[in-house]
There are 2 protein chains.
Amino acid sequence: MTEDAVVSPFRPVRHEHDACIDDALDAADALCAKQGVRLTTLRRRVLELVWGSHGPMGAYDILDRLREERMRDEKKGAAPPTVYRALDFLLSNGLIHRIESLNAYVGCGAPSDGHAGQFLICGDCGSVGELDDPDITKMIASKAEAMGFAVTHQTIEATGLCPECARRGAKNEN
Amino acid sequence: MTEDAVVSPFRPVRHEHDACIDDALDAADALCAKQGVRLTTLRRRVLELVWGSHGPMGAYDILDRLREERMRDEKKGAAPPTVYRALDFLLSNGLIHRIESLNAYVGCGAPSDGHAGQFLICGDCGSVGELDDPDITKMIASKAEAMGFAVTHQTIEATGLCPECARRGAKNEN
DNA sequence: ATGGTTTTGTTATGTTATAACATCGCAAAC
DNA sequence: GTTTGCGATGTTATAACATAACAAAACCAT
């Protein structure tokens, strides 16, 4: 009821978003348990906020949300390090990705395998799809290797038009 | 004679750096003339500074250099917008690239064709190599297209170890 | 309960980037 | 040759993103 007027999407297939968040959080719980790290209340809440957003979420967006909540509970607000620490934790455990070209964060659709993400970012609606194609990863690694360069991490972000926005755009050109 | 104590490299092949800068500036002059845009003194100087650096250069690094120069000339300093505007011009004319994962800028080794760069960033020495491999570009575009996504710009940045640093690292492990 | 470790809070500050408006300088139109 | 228009630059202020450093609290292993 807060700000869902425009249903964004392009998370690959449309889905029940609430259920999707629950699944992601359950997966995160399990993964952290397995890794022996602590998905604390704060960290879990930040992860939930990131998943709950329709698009990539900036650190200060998250901060604002936390502040709102705490104010409602008559507690003191939060400060940037609180958010950045939670984000660092989630990043280093593969539960979220950082989108460099947006300075923003998205939930990782397939945690557990220690992959970097490959993102398709719609310039129109801001939604993000995750690709994670091993062919791309391999091709880049091997082309780099041919130059004597040993890749440890890849940042792959493509900007463009998502299917929905392309459709909408085409319609408006009659 | 200014600060070349450590010769960085991994710009693909080692080269006479000064001559390389001159070439880049000449190419930039020509390209701007052809495009009917103005490579003003300021813009040209910023481009020169970017090329003159051994690695990617941050906007505020450039700003500091400009300030030094102007102070030496007993003029007033410069402010951020001065640099960012020059960078915007150079970016939109394909004369430099922005490296998202570093918030920094490098000279474009092959302007004129309107490509995005593909970068190999050494985590050890900070040097950057440009790849620009059309196979990679095409593969990403086609994989995205298969999902109904129309790519307009790609950001491809790989972090790792450059040939020189790998050699040096191996040597230190005896 | 105690002591060590991890997490979170808190304050301050660093770094990167842009908005908004003023001024300058050149070149086309008169 | 002045006026006028426009692109470039100057200037001030502030927005947006991120981290350092130290204090307090929560956790949990013994």
Side-chain angles (χ1 to χ4, degrees), chain A residues 28 32-33 35-47 49-50 53 55-67 69-71 73-93 95-106 126 155, chain B residues 28 32-33 35-47 49-50 53 55-67 69-71 73-93 95-106 126 155:
Chain A
C32 287
Q35 303 287 302
V37 296
R38 289 161 46 187
L39 189 62
T40 61
T41 310
L42 173 65
R43 291 166 175 172
R44 199 170 196 282
R45 182 67 189 127
V46 170
L47 180 57
L49 286 169
V50 169
S53 161
M57 205 170 184
Y60 279 70
D61 297 336
I62 296 168
L63 182 56
D64 289 344
R65 299 298 215 88
L66 286 181
R67 288 213 242 244
E69 296 176 0
R70 293 187 180 189
M71 291 309 180
D73 298 354
E74 322 240 327
K75 299 197 292 194
K76 272 186 103 180
T82 297
V83 170
Y84 281 103
R85 282 193 289 234
L87 290 173
D88 284 346
F89 171 88
L90 297 170
L91 281 170
S92 59
N93 288 281
L95 297 168
I96 59 173
H97 292 294
R98 172 179 163 82
I99 301 198
E100 298 292 343
S101 57
L102 299 175
N103 296 333
Y105 306 81
V106 294
T155 300
Chain B
C32 288
Q35 303 288 303
V37 296
R38 289 162 44 188
L39 189 61
T40 62
T41 310
L42 173 65
R43 291 165 176 173
R44 201 172 193 283
R45 182 66 189 127
V46 170
L47 179 57
L49 285 169
V50 170
S53 161
M57 205 171 183
Y60 279 73
D61 296 336
I62 296 168
L63 182 56
D64 289 344
R65 299 297 216 90
L66 285 181
R67 289 213 242 243
E69 296 176 1
R70 293 187 180 189
M71 291 310 181
D73 297 353
E74 322 239 327
K75 300 199 291 196
K76 273 186 102 177
T82 297
V83 169
Y84 282 102
R85 284 192 287 235
L87 290 173
D88 285 347
F89 172 88
L90 297 170
L91 281 171
S92 59
N93 288 281
L95 297 168
I96 59 173
H97 292 294
R98 174 181 162 80
I99 302 199
E100 298 292 344
S101 56
L102 300 175
N103 295 333
Y105 306 82
V106 294
T155 299

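First the proteins, then the strands, lettered A, B, ... as listed; each starts at 1.
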If you look only at pairs with a residue in residues 97-106 of chain B, which of them pass as a side chain to side chain donor-acceptor pair (under 3.5 Å), with sequence neighbours excluded? B:H97-B:H115, B:H97-B:E130, B:R98-B:E100, B:R98-B:N103, B:R98-B:Y105, B:S101-B:E157
B:V50 side chain near B:L95 side chain, heavy-atom distance below 4.5 Å: no
Nearest-angstrom distance from the residue atom CG of A:D73 to P of C:dG9: 13 Å
Once you round it to whole Å, what is the distance between P of C:dA17 and CD1 of B:I99? 13 Å
Within the 4.5 Å heavy-atom criterion, are A:R85 and A:R43 side-chain neighbours or not? no
Whole Å only: how far is the CG atom of A:L66 from the C1' atom of C:dG9? 13 Å
Can you find a side chain N or O atom of B:K76 that sits less than 4.0 Å from OP1 or OP2 on D:dG10? no
Rounded to whole Å, the CZ-C1' distance (A:R45 to C:dT8) equals 17 Å
Return the value, rounded to whole Å, for the distance between atom CG of B:D64 and atom C1' of C:dG14. 13 Å
Once each nucleotide of nucleotides 16-30 of chain D is scored for protein heavy atoms under 4.0 Å, what B/S/- sequence comes out, 5' to 3'? -BBBBB-----S---
Return yes if some donor-acceptor pair links the side-chain N/O of B:D61 with the main-chain N/O of B:G58 below 3.5 Å, else return no. yes
Under 4.5 Å between any side-chain heavy atoms of B:K75 and B:E69, yes or no? no
Atom CZ of B:F89 and atom P of D:dA8 are separated, to the nearest Å, by 7 Å
Correct closest heavy-atom pair for B:A28 and B:L47 would be CB-CD2, 3.5 Å
To the nearest angstrom, how far is B:K75 atom NZ from C:dC24 atom P? 15 Å
A:L87 and A:V46, any side-chain heavy atoms less than 4.5 Å apart: yes
B:T82 vs D:dT9: side-chain N/O to OP1/OP2 distance below 4.0 Å: no
Between CG of B:L42 and C1' of C:dG25 the distance, given in whole Å, is 14 Å
Within the 4.0 Å heavy-atom criterion, would you say A:T40 contacts the bases, only the backbone, or no part of the nucleic acid? sugar-phosphate
